[in-house]
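Residue indices begin at 1 and follow the sequence shown.
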Amino acid sequence: MTLLIDMDDVLDNLVQCWTQALNARYGTSVLEKDITSWDIAAFFPSLTKAQIFGVLHDKMFWHTLCSIQNAPEVVKNLIKDGHKVRVVTTSHYGTIEPKIKRFLELYPCLKWEDIIITSDKSMIKGDVMIDDGTHNLENTSCVKLLFDRPHNHTYPAEENGMVRMQTWDEIYHFITQMTGGM
């Protein structure tokens with residue numbers, strides 16, 4: 001199968017690092033768990049959008065990202081099981097180089113050719129899409145796996161044809177069951 005996997009907050013801990021960087025730079029005290037909707041700016045009302053998004057243009061920021069627990073091992077196993085893994089991300093052109101460089105350090109089983117950068121994920125075809133952005137899953141014909149994050153926790157996944165996943169081990173089990181254990 002072709003597995004389309006989102007990068008930020010599915011394979012790496014972007015929001016956690018982003019809130020920590022904003023807190024360190026501007027003296028705020030927002031935690032990742034406080035970000036309960038897609039609009040991160042709403043949780044930093046004292047900051048301008050330029051301040052909030054400016055952090056992402058600091059090349060050193062990207063070095064703070066880490067992989068989500070068990071994700072590198074599961075991705076490697078999915079590839080070993082014969083699945084085609086494509087990482088699909090929406091990124092500002094000014095952040096692509098440091099972001100992708102760090103990502104490939106975290107996921108040595110993947111290469112540049114496995115990454116698709118787009119502003120419209122609905123145009124990318126595959127069998128399964130794993131994403132934390134409900135808007136991305138709503139507009140795809142793939143099997144829809146919603147990776148549970150604080151900003152999507154209250155979203156009615158089942159009502160919208162999605163299966164909520166808590167961990168990468170759960171994702172691996174689901175895909176293995178879907179394919180009959182290959």
Item to check | Co-members of the apolar cluster containing M60 [side chain, <4.5 Å] | outcome: none
Checklist entry - Of the non-hydrogen atoms in L65 and L106, which two are nearest, and what is the gap between them? => result O-CD1, 3.9 Å
Verify, without hydrogens or angle tests, whether [X] (side chain) and [Y] (backbone) share a donor-acceptor contact under 3.5 angstrom.
| X | Y | result |
| --- | --- | --- |
| H83 | V85 | no |
| Q177 | F174 | no |
| T140 | C142 | yes |
| T64 | F61 | yes |
| D114 | K111 | yes |
| D6 | I130 | no |

Salt bridge or not for [X] and [Y], using N-O below 4.0 Å?
| X | Y | value |
| --- | --- | --- |
| R164 | E158 | no |
| D12 | K99 | no |
| D132 | R149 | no |

Does any part of the side chain of [Y], heavy atoms only, come nearer than 4.5 Å to the side chain of [X], both counted from C-beta?
| X | Y | value |
| --- | --- | --- |
| K144 | V163 | no |
| T154 | T36 | no |
| I175 | M1 | yes |
| E32 | N13 | no |
| W38 | H135 | yes |
| K101 | K59 | no |
| H151 | F43 | no |
| T118 | I124 | yes |

Check this for me: [X], atom [atom1], are more than 12 non-hydrogen atoms of other residues, nucleotides or ligands nearer than 6.0 Å?
| X | atom1 | value |
| --- | --- | --- |
| H153 | NE2 | no |
| E105 | CD | yes |
| H173 | NE2 | no |

For the [atom1] atom of [X] and the [atom2] atom of [Y], what is their distance to the nearest 0.5 Å?
| X | Y | atom1 | atom2 | result |
| --- | --- | --- | --- | --- |
| L56 | L14 | CG | CG | 6.5 Å |
| N139 | M123 | CG | CE | 12.5 Å |
| E170 | D148 | CD | CG | 9.0 Å |
| L145 | M129 | CG | CE | 10.5 Å |

Checklist entry - Hey, quick one: are Y172 and I79 part of the same hydrophobic cluster, counting side-chain heavy atoms closer than 4.5 Å, chains of contacts allowed? => result yes
Next on the checklist: Is there a path of hydrophobic side-chain contacts, each under 4.5 Å between heavy atoms of I/L/V/M/F/W/Y residues, joining M7 to V128?
Outcome noted: yes
Side-chain donor-acceptor pairs under 3.5 Å in residues 67-78, sequence neighbours left out?
unit_1, atom_1, unit_2, atom_2, d
N70, ND2, D169, OD2, 2.9
N77, ND2, E73, O, 3.3

Checklist entry - Does the gap between the ring centers of F103 and W112 come in under 6.0 Å? => result no
Checklist entry - For T19 and L31, what are the C-alpha separation, side-chain angles and deciding distance, and is it a side chain to side chain contact (heavy atoms under 4.5 Å, CB included)? => result CA-CA 6 Å; T19 56; L31 302 175; 6.0 Å; no
Checklist entry - Looking only at side chains, do S122 and D120 share a donor and an acceptor under 3.5 Å apart? => result yes
Checklist entry - How are the rings of F147 and W168 set relative to one another: parallel (under 30°), tilted (30 to 60°) or perpendicular (over 60°)? => result tilted
